[in-house]
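Note that the coordinates shown come from a computational prediction; the quantities given were computed from them, not determined experimentally.
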Amino acid sequence: MDTEIELKFLVSEQVISQLPALITQFSKKVSNKASRNLQNAYFDTPSRELRALDIGLRTRCVDGECEQTIKLAGKVVGGFHQRPEYNVPINNSRPNIELFDTSIWPAGMEPGTISENLFSIFNTNFIRRTWLLETDSGTEIELVLDKGDISASGQSVPICEVEMELVSGDRKELFELANKLINCSEVRLGLYSKAARGYRLADDAPLMADTFLGYVQLDENATQEEALEKCLQYGIEFVQKHEQCYIDSPKLKTLKRIVDGVSLIRHSFWLFEQVADKQVTKSLRKELKWLLETFSWVETAIQLRTFTSKKHAFYKRISAAPELEQVIDNLKAEQPSRKALTAIFHSPRYNQLILDLTRFLIEKRWRDDWGQEQIVAAGTPVKDIAARLFENDWQEMQHLLPHDVVSAESYIAKRQKLHRNLLSGCCLGQLFEGPLRDEFRGPWLDIIHGMDELATYDYLKQLCETQQEPEQFTSILGWLKQKNDGLLAAMEHSRLASQKLEPYWQ
């Protein structure tokens with residue numbers, strides 16, 4: 001068995017021409033391997049039994065020799081891939097998984113039954129160029145450039161990737177080489193393997209954006225340190241997933257999901273300050289703040305799009321007021337272009353942040369300056385911390401939203417605090433019983449959705465009131481007041497319902 005420890009990058013044609021110079025500058029010694037044309041077939045059953053177990057099975061034939069490879073479920077963080085891999089020679093391109101050692105299979109899997117139903121799902125065909133780099137310290141890194149395509153069902157998508165695998169020596173130097181590649185620009189860390197992309201193509205199942213943040217999956221007996229790792233891993237993957245979603249199909253709501261993921265990472269540092277000291281996370285938090293500021297316009301952009309979408313009630317009102325419609329169109333025109341946003345995701349600064357977060361997590365960098373206090377906190381059961389945190393949050397919300405009727409202005413002013421409390425729930429809510437948790441959070445999710453709607457109404461109200469002749473928008477302002485009052489009544493119902501529910505963490 002081999003365990004891959006590698007970083008994957010998606011690169012442009014321009015980067016390919018820069019690779020030789022980068023390799024020469026980084027290495028003391030470089031060995032070139034002959035280029036190879038790799039033709040791979042990936043196999044599964046009609047019901048995708050291997051995919052369900054996060055197992056990849058492929059065959060590869062080169063120069064008349066064939067090999068089958070199994071990749072088991074492993075660890076993918078940022079662009080860092082670590083998966084157990086098993087290789088067995090075979091006589092032709094048809095796999096025989098019963099040749100693998102039976103001890104590698106997950107409990108309950110029946111290789112014989114699966115073997116009978118295997119068929120080729122998709123193919124990859126690419127030219128592979130390989131360099132073996134040796135540094136001054138003796139560390140060996142294999143750098144691979146793959147260029148070709150993935151094909152399935154008469155369709156294809158391109159492959160243009162660089163992979164760096166640590167052969168031996170210091171992993172730190174693997175990340176140093178990655179830093180140099182990132183500075184070439186037009187580079188993105190690759191979250192998804194060729195196999196994952198191939199399955200999506202074969203099943204006509206494009207990557208879809210989530211509608212909201214989910215719960216970080218935590219074991220009930222997890223320590224604070226384990227919870228920190230899980231939260232960071234979830235957040236990094238969430239950001240990268242939606243980065244790819246935006247590249248595939250640019251939508252404002254997808255950018256909002258990126259903001260959500262960045263917010264969760266930042267919130268995780270706050271939640272686990274006892275484990276990861278503020279000083280250790282300072283530079284990361286600074287860059288996360290930069291990224292949030294870079295996308296700070298997204299919420300307003302979503303509101304403006306809502307005003308002019310035929311799907312929403314705003315459209316009829318605003319289209320009847322050409323002056324206001326023109327103002328909104330002008331504001332939309334000032335938003336960053338798709339090209340500018342795509343450039344952010346390929347920029348050195350963005351990818352350096354993702355790489356630094358990955359390295360922070362993989363190398364457990366929060367341990368660098370640990371004292372006794374951090375060691376004790378790291379081993380503390382996170383469920384005890386979560387219960388106290390949720391109780392404090394609950395008391396705070398009781399104070400922020402007392403039993404008397406709450407105004408629209410008051411709701412809008414408290415949005416940030418409620419968002420923060422809901423992020424705590426995303427990070428730690430999985431530790432508690434699902435039905436009770438979801439019942440308790442339901443009214444609060446309704447309230448936060450209502451707060452967002454109130455903010456949208458308020459923004460349109462401001463646009464109307466700041467025009468040269470605001471009196472011509474009297475009908476829109478009157479309609480907005482009706483919508484505002486109706487929404488407040490619904491939110492009041494949710495708020496009162498929330499007061500009657502028993503806290504799920506007690």
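We find that Arg188 and Glu243 are joined by a salt bridge, their nearest charged nitrogen and carboxylate oxygen being less than 4.0 Å apart. With respect to Arg388 and Glu391, no salt bridge is recorded, no charged nitrogen being found less than 4.0 Å from a carboxylate O. Taking a cutoff of 4.0 Å between a charged side-chain nitrogen and a carboxylate oxygen, Glu396 and Arg420 qualify as a salt bridge. Checked for salt-bridge contact, Lys461 and Asp458 miss the test: no charged N lies under 4.0 Å from a carboxylate O. With respect to Glu287 and Lys289, no salt bridge is recorded, no charged nitrogen being found less than 4.0 Å from a carboxylate O. Residues Glu229 and Lys364 are paired through a salt bridge, judged by an N-O separation under 4.0 Å between the basic side chain and the carboxylate.
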Show the numbers, then the answer: is there a salt bridge (Lys or Arg N to Asp or Glu O under 4.0 Å) between Arg367 and Glu225? CA-CA 10 Å; Arg367 291 183 173 183; Glu225 184 179 31; 2.8 Å; yes

Does Asp438 form a side-chain hydrogen bond (donor to acceptor under 3.5 Å, both in side chains) with Tyr215? I'd like the steps, not just the answer. CA-CA 11 Å; Asp438 295 342; Tyr215 294 110; 3.1 Å; yes

Between Gln279 and Asp369, does a side-chain hydrogen bond (donor to acceptor under 3.5 Å, both in side chains) hold up when you go through it step by step? CA-CA 10 Å; Gln279 200 59 36; Asp369 297 307; over 6 Å; no

Apply ring pair (Phe, Tyr, Trp, His ring centres under 6.0 Å) to residues Tyr457 and Trp479 and explain how you reach the verdict. CA-CA 10 Å; Tyr457 296 157; Trp479 175 76; 7.1 Å; no

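A ring-ring contact (aromatic ring centres under 6.0 Å, His included) check over residues 247-269, counting only residues at least two apart or in different chains, returns the pairs His267-Trp270, Phe269-Phe360.
Annotation for Gln467: atom CD counts as buried by contact number, over 12 foreign heavy atoms lying within 6.0 Å.
Here the closest heavy-atom approach between residue Leu264 and residue Cys426 is recorded as CD1-CB, 4.1 Å. In this structure, Leu355 and Ala178 approach most closely via the heavy-atom pair CD2-CB, 3.7 Å. Taking every heavy atom of both residues into account, Glu439 and Leu501 meet most closely at O-CD1, 3.4 Å. Of all non-hydrogen atoms in Ala276 and Thr281, the two that sit nearest each other are CB-CG2, 3.9 Å.
Proximity of a side-chain donor or acceptor of Ser309 to a complementary backbone N or O of Thr306 within less than 3.5 Å is not detected. In terms of modelled atom types and a separation under 3.5 Å, the side chain of Ser407 and the main chain of Ser410 share a donor-acceptor contact. In this structure a side-chain-to-backbone donor-acceptor pair under 3.5 Å is missing from Asp149 to Ser156.
Residue Val262 is tested with Ile236, Val239, Leu357 for a side-chain contact (heavy atoms from CB on, under 4.5 Å); the sole match is Val239. Among the candidates Lys241, Lys256, Lys253, the single residue satisfying the salt bridge (charged side-chain N to carboxylate O under 4.0 Å, His left out) test with Asp210 is Lys241.
Aromatic ring centres of Phe272 and Trp366 lie farther apart than the 6.0 Å criterion allows. A distance below 6.0 Å separates the ring centres of Trp394 and Phe440.
Contacts of Gln335 classified as side chain to side chain contact (heavy atoms under 4.5 Å, CB included), with partners at least two apart in sequence or in another chain: Trp297, Ala301, Leu304, Lys332. Annotation: side chain to side chain contact (heavy atoms under 4.5 Å, CB included) contacts of Asn392 (sequence neighbours excluded): none. Qualifying side chain to side chain contact (heavy atoms under 4.5 Å, CB included) partners for Asp203, counting only residues two or more places apart in sequence or in other chains: Arg48, Tyr199, Ala205. For Phe432, the ring pair (Phe, Tyr, Trp, His ring centres under 6.0 Å) test picks out Phe390, Tyr504, with sequence neighbours left out. Lys483 is linked by a salt bridge (charged side-chain N to carboxylate O under 4.0 Å, His left out) to nothing, counting only residues two or more places apart in sequence or in another chain.
By the 30° and 60° cut-offs, the orientation of the rings of Tyr234 relative to Phe238 is parallel.
Relative to the ring axis of Phe126, Lys194 places its NZ or CZ within 45° and under 6.0 Å from the centre. Taking the centre and axis of the six-membered ring of Phe122, the NZ or CZ atom of Arg197 falls outside the cone set by 45° and 6.0 Å. A cation-pi arrangement, defined by a distance under 6.0 Å to the six-membered ring centre and an angle within 45 degrees of its axis, is absent between Arg317 and Phe473.
From Leu288, atom CG reaches atom CG of Asp356 across 10.0 Å, with rounding to the nearest 0.5 Å.
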